[in-house]
Amino acid sequence: RPGSAGGRSRGHGGRALLAGVATALGLALVAGGVWSAVQNLRDLPGGLGGSGDTLSAELPYGPAVGLVEPLRDGDCVDVTWAGTPFSDAARLRLVPACTGRTMDGQVMASYEASSAEDARTGGADRCEQLTVEAREKLVDVRTYAVLPTTDGFDAARHRVSCLLMGERRPVYGPLGAYRTLGETVIADVATLQKQDCLDRISDNTIRLVSCEDSHEQKVLGFHEMGAGITYDKAQDTALAACVKNLPPRQYGHEPGVTASGFWISEDGWKKRRAFRRLHCHFR
């Protein structure tokens with residue numbers, strides 16, 4: 001009975017195929033469930049961490065910091081302090097592209113420690129040394145060392161990351177060498193640094209340019225105004241303060257060729273009453 005035999009063969013083959021598909025789907029669902037569980041664990045404090053195809057049982061800096069991957073030079077973060085800023089634990093979150101009003105700091109340097117103990121005992125002082133040049137060009141910033149834990153030392157690649165953070169407000173960033181000359185438009189002048197060269201775009205925006213090319217302004221430094229001076233009053237007295245305290249001739253610029261100018265961070269002045277500094281420049 002060739003026809004019947006053929007029919008049975010096709011029937012068994014069909015059931016075998018369906019069984020194979022069902023098994024494959026079952027494996028896919030199980031694998032998907034495991035992958036989802038792993039991903040969820042990676043997002044939990046103290047959960048699984050690591051990079052690439054290797055999973056570590058420890059986070060690089062521990063559950064208090066919360067980062068799954070080690071920080072890299074130039075990474076930007078926002079911070080939630082567990083208590084007193086710069087004294088208690090800081091929970092960090094990466095800020096993509098270093099933009100936005102939540103950017104509290106940027107990794108300006110890093111170094112490889114010999115051990116987790118070496119990182120704990122010397123990390124803060126070493127970071128102070130590595131960031132001194134960048135820190136001196138800004139206002140109201142502090143260094144903060146992100147230290148690997150003992151269990152997370154390998155996951156952190158043995159490195160201590162040195163953040164530069166705003167002491168009383170976000171730094172907005174990017175900072176220092178991570179800014180792109182000719183492309184970076186500064187909307188809040190609180191981020192200006194000493195020796196920055198600028199072209200004015202409008203009354204409240206400026207472009208950061210190379211000092212080796214033609215430029216309209218150059219930042220000489222900062223001058224702090226009295227606590228009782230309002231923002232409107234500062235507008236009337238700022239120029240005289242810059243002329244008196246940071247005259248261009250003090251920096252080797254001829255009085256007849258250059259003149260003093262100033263920028264004030266309106267946001268910083270009005271919202272952060274302690275942040276009352278002029279950014280004095282020559283033009």
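No hydrogens, no waters, no symmetry mates; every other heavy atom, side chains included, goes into these values. All residue numbers refer to positions in the sequence shown, counting from 1. Quantities reported herein were computed from a predicted structural model and do not represent experimental measurements.
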Applied to residues 128-167, the disulfide (SG to SG under 2.5 Å) test, sequence neighbours excluded, yields Cys127-Cys162

Closest heavy-atom pair, Gly176 versus Gln193, reported as atoms and distance to 0.1 Å, is N-NE2, 3.0 Å

Go through Cys211 and Lys218 one step at a time and tell me if the side-chain contact (heavy atoms from CB on, under 4.5 Å) criterion holds. CA-CA 8 Å; Cys211 291; Lys218 186 173 185 177; 4.3 Å; yes

With sequence neighbours left out, the residues meeting side-chain hydrogen bond (donor to acceptor under 3.5 Å, both in side chains) with Ser202 are Asn204, Thr205

Here the salt bridge (charged side-chain N to carboxylate O under 4.0 Å, His left out) pairs for residues 172-182, sequence neighbours left out, are Arg179-Asp196

- Query: In terms of hydrophobic clusters joined by side-chain contacts under 4.5 Å, are Tyr178 and Leu130 together?
  - Reply: no

Sorted by chain and residue number, the side-chain contact (heavy atoms from CB on, under 4.5 Å) partners of Ala89 (sequence neighbours excluded) come out as Ala64, Ala82

| task | Treat each ILVMFWY residue as a node, draw an edge where side-chain heavy atoms are under 4.5 Å apart, and state whether Met108 and Leu138 are in one component. | result | yes

Scanning both residues in full, the closest heavy-atom pair of Ser161 with Val107 reads CB-CG1, 4.2 Å

To the nearest 0.5 Å, atom CD of Glu69 lies from atom OH of Tyr61 at 9.5 Å

Rounded to the nearest 0.5 angstrom, the CD-CG distance for Gln217 and Leu192 is 9.0 Å

When rounded to the nearest 0.5 Å, the distance separating CG of Leu175 from CE of Met165 is 11.5 Å

Residue pairs passing the side chain to side chain donor-acceptor pair (under 3.5 Å) test with at least one member in residues 74-89, sequence neighbours excluded, are Asp78-Arg93

Tracing side-chain contacts under 4.5 Å among Ile, Leu, Val, Met, Phe, Trp and Tyr outward from Phe153 reaches none

The residue among Val171, Leu92, Asp104, Val141 that forms side-chain contact (heavy atoms from CB on, under 4.5 Å) with Leu163 is Leu92

Sequence neighbours excluded, the answer for side-chain hydrogen bond (donor to acceptor under 3.5 Å, both in side chains) partners of Glu117 is Arg120

* Leu94 side chain near Val77 side chain, heavy-atom distance below 4.5 Å -> yes

d(Ser110 OG, Arg126 CZ) to nearest 0.5 Å is 10.5 Å

Nearest heavy-atom contact between Arg91 and Gly66 is NH1-CA, 3.7 Å

**OP:** Taking Glu216 for its side chain and Arg200 for its backbone only, find out whether a donor-acceptor pair lies under 3.5 Å.
**Re:** yes

Rounded to the nearest 0.5 angstrom, the CG-OG distance for Leu220 and Ser260 is 7.0 Å

Let's go through Leu208 and Leu198 carefully: what are the C-alpha distance in whole Å and the side-chain angles of both, what is the deciding distance for side-chain contact (heavy atoms from CB on, under 4.5 Å) to 0.1 Å, and is it a yes or a no?
CA-CA 5 Å; Leu208 183 70; Leu198 315 165; 4.1 Å; yes

Check: So, the side chain of Thr131 versus the backbone of Ala134: is there a donor-acceptor pair under 3.5 Å, distance only?
Finding: no

With sequence neighbours left out, the residues meeting salt bridge (Lys or Arg N to Asp or Glu O under 4.0 Å) with Arg207 are none

So, the side chain of Glu58 versus the backbone of Asp151: is there a donor-acceptor pair under 3.5 Å, distance only? no

Connected to Val209, directly or through other members, by ILVMFWY side-chain contacts below 4.5 Å are none

side-chain hydrogen bond (donor to acceptor under 3.5 Å, both in side chains) filter on Asp125, not counting sequence neighbours, yields none

request  = Taking Gln106 for its side chain and Cys76 for its backbone only, find out whether a donor-acceptor pair lies under 3.5 Å.
outcome  = no

When every non-hydrogen atom of Gly74 is compared with those of Cys98, the smallest separation belongs to O-SG, 3.7 Å

In this structure, CG of Leu71 is separated from CZ of Arg157 (nearest 0.5 Å) by 10.5 Å

Exercise. Checking side-chain contact (heavy atoms from CB on, under 4.5 Å) for the pair Val160/Val146: CA distance, chi angles, key distance, verdict?
Worked result: CA-CA 6 Å; Val160 174; Val146 186; over 6 Å; no

Sorted by chain and number, sequence neighbours left out, salt bridge (Lys or Arg N to Asp or Glu O under 4.0 Å) with Glu128 holds for Arg135

Sequence neighbours excluded, the answer for side-chain hydrogen bond (donor to acceptor under 3.5 Å, both in side chains) partners of Glu133 is none

